[in-house]
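So the structure is just underneath, and the comments pick up after that.
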Amino acid sequence: MKFIPIYDALVIKAQKNSPPHIAFEEMLESERQLSEWARLEKIKPLNLASEKTSAPLFAKKIELTEMVIQKTPERFAASQSSQQGEIIDSDPSAWMNDLSVAQAKRLQVAQQKNEVLSQDWSQPTWSDMAREVLAKSGITAGTAATNPKVYVAGLDAKGRPTTSVPKADVYVPTKKESAESDQNLPSYGLVDEKPAGVRSISGPLEITGGLAVTNEHHIEIRRSDEGVLKELGRVNLIQGQYNIDVEDVTGSIVAKLVDKEGKTLGEGSFRLNRVASAGQNNLQGPKIRIEPHPDFAGIVTSAYNPRPEDVAPAKTLVTFVKGAKEIAPRKDGTVAMDNVTRGSTTVVRAAAPAHMQTAAIVVSGSEFKTSLYPNTMIQALQNILSQQRQMSFDGAPTIIWGKVTLDGKNLAGIEVQVESDQSLIPVYFNQFMLPDPSLRSTSENGLFAFVNAMPGFHSLLATRAEAIVGYQNVVVEEGSVAQGDIASTIKNESVPLRVYDAFTGEAVTGLVTMQSLSDELQVTGVATVTLPNLKRYGLMRVQPEGADYVAARYVYNDSDEFVHAPVVHWSWLSAIKNYLKIDDLPSAGVIVGFVPDENFEVYLAAYDNINPRQIVYFDMQGRILQNGKGIAGGGFIIYNVPEDIHEVVVLGERTQKIYSRVLPVDPNTLSVLTFRE
């Protein structure tokens, strides 16, 4: 009998990521690979022999003749002849069928952006127009030999004027001429090669306001003359200096800090007329401070604040652009809205519990200060005036409150009136800040007020002995205080004023009325006016001579370096309205705007009732655009704008910044705006 032992099965368990399991798998894998090599070794080798002997291979040099590839341009026939010999115009768009897919797509995008296919490309070139003008004047009649009116002027190698065509020439000075020229050279051996009349301006450059220059930034310094950029300057960041050569001392020197995307981060400038230039070619310019880009910024305070540590009342809210931006002030009362362009205007409204709302027109780039008045303070003012004037004030209060200053100092002895409602009686405050009926002008605190003003747009005028001291525009609303601080200065600047055709650029004669000037001004194309150096919102009216152009209202800033007033034809406005079949509303106005810098869209802030058909975009020649957007150099027309105080907002496509303008619109009036940064 045979004994056979029986054992239980031996089982070894391991996780797949454990070292034993990995080692076991590696061993099996190596065994599999070796087994494959063992199988190949058992295969007998084959003898790859050939019964026939291959022919020997020889190399042969082959010379190819020169091959020239030519492409004959394909010509498209502009017209075709019929059997009778008549010329039949072909389809003007047939050439588009022969474009490649990429070219056709590119043309489609260009058509959507700028409507290139709708443009009139048959316009004459500049050379054709110049030749036509010369031909009409008779200058080009005859040959150059018989007609000395036309010639080419230049300088030869010795600096002498010549009218002959320059030729290749080599001039070798004599030893005597070389010795004389060496004696006339400065000790440092440099020769000033600037043309006559060119002035070199240099000065210090400073970057402030938290701005910094990195590898992705650069500083541009140029001369700007009435919005046209001219000479380019140089900047030495190590020494903090700028230098620029200018051919004329008109306009301004502008320095900008720009990032790699072309966005302006900071800017600084000065006017060239401030630089003494009599008989000097090397001028010392003032310091240019490059500060953060202008925006709406200011401080909100309380008119009566028992706690100085809390500048703004609790729960204060400030709105810009008719509520498009709502901001709560910081602890120190500062509030700001960025992403706006220089020269933009808006109505800032500040409100807080137990205080009346305050509204004021502000300009970007200039810090404003808005005061909030407690309800009890306004009620006390009404009670005192009610007793003094023996009258009652019913309904929601409408107050105009302001201060007259001269270069930041309170101004006494000033009479203030509301030009749009001269029936309003001013209130002046004595040294105890109480309304004094015996006062006929401002006291040493410069304060004034008007009670029960009609809601709407009003203009304040400050005078002394019938001489204008200053003005201010205010927006009066029910249950609100309109802040009307009237600032004045002894610093004035001379700026050019131009009245011209909006599309041809031709000079136009017109009668100009400006809030900054006491008298009307007859302008024939261009004039020079003296304006106070204040960042202040102003209105201007231009009445062109004759019946071809339309009288219009314009918005300007006293601190502008130039004032332009483009005028438009009434026939142009009416032709577009009739073509688009836009209804005529006698109780509404029309707004025309020009945007020279970039593509854009336009809208009226906080007003959604405008019909999109009433907003028309046009190009630089005044032709209608059909893509619903504006292009650089063109503009827009808004028909049937209701009577109100509007804020016209232009949104730039490239910069995504807003251009805003406060504009009172009256029935049957035309307003012209220019949105230039």
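Hydrogens, waters and symmetry mates are skipped; everything else that's a heavy atom, side chains included, is used.
Side-chain polar atoms of T250 and D225 form a donor-acceptor pair below 3.5 angstrom. Between the side chains of D501 and Y549, a donor-acceptor pair is found at a separation under 3.5 Å. Between S459 and N473, the side chains place a donor N or O and an acceptor N or O closer than 3.5 Å (distance only, hydrogens not considered). Donor-acceptor pairing under 3.5 Å is lacking for the side chains of S224 and E561. Counting only N and O atoms by type, the side chains of N243 and Q241 include no donor and acceptor under 3.5 Å apart. A donor-acceptor contact closer than 3.5 angstrom is absent between the side chains of S371 and Q483.
Between D485 and K369 no salt bridge is recorded (no basic side-chain N to carboxylate O distance below 4.0 Å). Between E226 and R498 there is a salt bridge, with a side-chain nitrogen of the basic residue lying less than 4.0 Å from a carboxylate oxygen of the acidic one. A salt bridge links E231 with R223: the closest approach of a Lys/Arg side-chain nitrogen to an acidic carboxylate oxygen falls below 4.0 angstrom.
Annotation for R234: atom CZ counts as buried by contact number, over 12 foreign heavy atoms lying within 6.0 Å. Within 6.0 Å of CD on Q284 lie more than 12 heavy atoms contributed by other residues, nucleotides or ligands. More than 12 non-hydrogen atoms from other residues, nucleotides or ligands lie less than 6.0 angstrom from NZ of K657. Atom CD of E216 has 12 or fewer heavy atoms from other residues, nucleotides or ligands within 6.0 Å.
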**Request:** Starting from the C-alpha separation in whole Å, work towards a yes-or-no answer on side-chain contact (heavy atoms from CB on, under 4.5 Å) for V476 and I400.
**Result:** CA-CA 7 Å; V476 178; I400 300 176; 3.8 Å; yes
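Contact check for V602 versus F675: no side-chain heavy atoms found under the 4.5 Å cut-off.
Looking only at distances, a side-chain donor or acceptor of N557 sits under 3.5 Å from a matching main-chain atom of S559. Between the Q515 side chain and the Y471 main chain, no donor and acceptor come within less than 3.5 Å of each other. With hydrogens and angles ignored, the 3.5 Å screen pairs no side-chain donor or acceptor of R553 with any backbone N or O of D666.
Residues P204 and G285 share a closest heavy-atom pair of CD-O, 4.0 Å. Between H458 and S420, the closest heavy-atom pair is ND1-OG, 2.6 Å. Here the closest non-hydrogen pair linking I610 and I638 is CD1-CG2, 4.1 Å. Summarising the geometry of L521 relative to A527, their closest heavy-atom pair is CD2-CB, 4.4 Å, with the distance given to 0.1 Å. Residues L663 and S671 share a closest heavy-atom pair of CD2-CB, 3.5 Å. The two residues G479 and M356 have their closest heavy-atom pair at C-CE, 3.4 Å.
Ring pair Y373/H355: centre-to-centre distance not below 6.0 Å. Ring to ring, Y554 and H564 are not that close: their centroids are 6.0 angstrom or more apart. F618 and F594 have their aromatic ring centers within a separation under 6.0 angstrom. In summary, the aromatic rings of Y617 and F600 are positioned with their centroids under 6.0 Å apart.
Exactly one residue among N609, D644, I615, V648 makes a side chain to side chain contact (heavy atoms under 4.5 Å, CB included) with L604. That residue is V648. Under the side chain to side chain contact (heavy atoms under 4.5 Å, CB included) test applied with I221, the options V254, I288, I201, I290 reduce to a single match, I288.
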